[in-house]
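Encoded as structure tokens, the structure appears first; notes follow it.
Residue numbering restarts at 1 for every chain, and letters A, B, ... go by the order of the sequence lines. Heavy atoms only: backbone and side chains are in, while hydrogens, waters and symmetry mates are out.
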Protein chains: 2
Amino acid sequence: MTGQVRTVDGRVAGRRGQATRQKLLDCLSEMLSSSPYRDVKVIDVARKAGTSPATFYQYFPDVEGAVLEIAEEMAKEGAGLTGLVAGRSWVGKSGWQAAEELVDGFLGFWRKHDAILRVVDLGAAEGDKRFYKIRMKILNAVTSSLTDSVKELQSKGKLDKDVNPAAIAGSLVAMLAAVASHQKGFQSWGVKQAELKPNLALLVHLGITGKKPTK
Amino acid sequence: MTGQVRTVDGRVAGRRGQATRQKLLDCLSEMLSSSPYRDVKVIDVARKAGTSPATFYQYFPDVEGAVLEIAEEMAKEGAGLTGLVAGRSWVGKSGWQAAEELVDGFLGFWRKHDAILRVVDLGAAEGDKRFYKIRMKILNAVTSSLTDSVKELQSKGKLDKDVNPAAIAGSLVAMLAAVASHQKGFQSWGVKQAELKPNLALLVHLGITGKKPTK
DNA sequence: TCGGTAAGCTGACGGCATGACAGGACAAGT
DNA sequence: ACTTGTCCTGTCATGCCGTCAGCTTACCGA
């Protein structure tokens with residue numbers, strides 16, 4: 001299943017090849033953090049990795065292809081985000097704690113991978129199915145768990161029947177992602193980082209349970 | 001104040017020049033809707049406008065410069081979004097109506113300008129202050145009004161004192177923007193367009209007032 | 001009517017990135 | 001040393017970028 005790493009022209013990559021490949025990915029990742037996506041050139045990545053453009057094209061069809069690779073890697077790590085929600089109780093104090101930890105974990109993940117995530121976001125918004133799929137993979141990790149939580153509360157009669165669990169969960173997750181992408185934006189509204197989190201947690205808690213949290 | 005339109009080399013643009021300039025902007029706008037931002041080339045825009053690349057560079061320093069121009073134009077229109085919130089009452093049935101109309105108006109605006117907005121979003125996320133400023137201009141139109149609404153409810157004692165109005169308002173607006181950018185994403189969770197809006201309105205209402213809406 | 005002046009446009013050019021290929025360097029086994 | 005398959009790069013054709021000089025067009029005052 002874990003098909004060997006292959007070059008563009010079909011050869012299987014050996015140890016040395018994989019190292020070069022990885023180095024190219026690392027350098028690309030670094031460049032994405034420091035310069036606009038539109039201005040990232042193959043030649044710069046290759047130079048940074050101490051190799052030539054031709055080598056780059058041996059392992060990736062183009063910049064986009066390499067970006068997808070990095071994104072895929074990140075998506076694997078993102079699967080772990082499920083743990084932030086799965087099996088959590090949303091009643092009483094533990095509900096508030098669940099909200100806080102969800103916000104914290106999510107923002108941390110997004111901040112860690114912000115450079116690649118904004119490219120994924122762009123690709124998805126532009127309608128590229130490959131990026132779209134990766135974005136879904138990450139968000140689904142959280143959204144589907146949250147959806148289940150909402151459904152459960154609904155079935156216990158603690159929540160109106162006419163809310164759509166998936167819509168609520170999806171919207172809240174989208175909110176977390178958006179806020180994480182533009183954290184700096186809040187500073188111009190006079191909102192500090194530390195203040196942001198509890199307010200996000202409040203919104204999440206309100207959205208999931210329909211009630212104010214008991215802290 | 002309304003400085004004349006000027007070419008890159010300082011000449012003032014006459015009627016014909018402004019027409020060409022506008023045509024270039026229109027064509028660029030169209031291209032942004034149909035192809036990835038990264039792949040939009042000056043030569044394509046020029047060809048589409050029936051002119052030459054050199055002409056493009058007479059009016060804009062580069063693609064980014066032209067995009068900023070389009071974005072600025074849109075931001076002016078975005079100022080009208082204030083009307084969706086300003087002077088609204090958030091109590092009782094009118095509160096639910098306010099939430100519904102806010103969601104509707106916001107999603108409509110975002111959908112109308114989705115191509116340019118995703119580029120603005122990217123630029124802002126990458127830390128480009130010019131894009132960032134434009135994004136703020138649009139979001140502020142709604143956010144500051146919403147912030148006022150929250151403050152008012154707070155001063156009347158209808159809302160906890162420890163919530164930060166700006167953080168709440170900003171987060172809700174970010175949510176609306178994010179959901180609008182990725183509306184298609186919700187379909188894969190089995191959420192239809194029409195279902196999405198009332199659920200978003202519910203979240204907005206909950207966030208602003210802290211209470212379930214009375215419909 | 002006739003220049004004069006500024007606006008408007010483009011052909012052409014050096015420079016650089018792209019993407020493909022063939023051939024040389026290198027490591028490992030025999 | 002020889003073979004085999006991996007790995008890298010020099011080189012090349014192509015195409016876009018960004019600039020400039022110079023040509024055409026429109027406007028205006030005499």
Using a 4.5 Å cut-off on heavy atoms from C-beta on, say whether the side chain of [Y] contacts that of [X].
X	Y	answer
A/S35	A/V40	yes
B/L202	A/I168	yes
B/D121	B/F131	no

#### Entry: Ring centre gap for B/F109 and B/H113 strictly below 6.0 Å
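Under 6.0 Å, so yes.
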Between atom [atom1] in [X] and atom [atom2] in [N], what is the gap in whole Å?
X	N	atom1	atom2	value
A/I43	D/dC17	CD1	P	16 Å
A/K23	D/dC8	NZ	C1'	14 Å
B/D9	D/dC20	CG	P	10 Å
A/F60	D/dC7	CZ	C1'	14 Å
A/R6	D/dC7	CZ	C1'	16 Å

### Query
Is B/R15 touching bases, backbone alone, or none of the nucleic acid, heavy atoms closer than 4.0 Å?
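The answer is sugar-phosphate, as B/R15 gets under 4.0 Å only of primed atoms, P, OP1 or OP2.
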### Message
At 4.0 Å (heavy atoms only), tell me whether B/T7 reaches a base, stays on the sugar-phosphate, or touches nothing.
### Response
nothing
#### Entry: Side-chain donor-acceptor pair present, B/S181, B/W110, cut-off under 3.5 Å
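There is such a pair (donor and acceptor under 3.5 Å, judged by atom type) between the side chains of B/S181 and B/W110.
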### Query
Any side-chain donor-acceptor pair under 3.5 Å between A/D26 and A/Q22?
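There is such a pair (donor and acceptor under 3.5 Å, judged by atom type) between the side chains of A/D26 and A/Q22.
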### Query
Are the charged groups of B/R47 and B/D44 less than 4.0 angstrom apart, N to O?
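Salt bridge present between B/R47 and B/D44.
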### Summary
Ranking A/V8 and A/R16 by the position along DNA chain C of their nearest nucleotide, the one closer to 5' is A/V8
### Task
Check whether any side-chain N or O of B/Y57 sits under 4.0 Å from OP1 or OP2 of D/dG18, and answer yes or no.
yes
### Query
B/Y59 and B/L24: side-chain contact (heavy atoms from CB on, under 4.5 Å), yes or no, with the steps?
CA-CA 9 Å; B/Y59 295 106; B/L24 283 167; 4.2 Å; yes
### B/P61 or A/R11, whichever maps to the more 5' nucleotide of DNA chain D
A/R11
### Task
Could you list where the contact with chain B starts and ends along DNA chain C, reading 5' to 3', using a 4.0 Å heavy-atom cut-off?
C/dA7 to C/dG11
So which protein nitrogen or oxygen atoms get under 3.5 Å of nucleotides 9-13 of chain D's nitrogens or oxygens?
| from | atom 1 | to | atom 2 | distance (Å) |
| --- | --- | --- | --- | --- |
| D/dT9 | OP2 | A/T51 | OG1 | 2.6 |
| D/dT9 | OP2 | A/S52 | N | 3.4 |
| D/dT9 | OP2 | A/T55 | OG1 | 3.2 |

### Task
Show your working on salt bridge (Lys or Arg N to Asp or Glu O under 4.0 Å) between A/R38 and B/E64 and close with a plain yes or no.
CA-CA 10 Å; A/R38 201 170 196 281; B/E64 209 186 54; over 6 Å; no
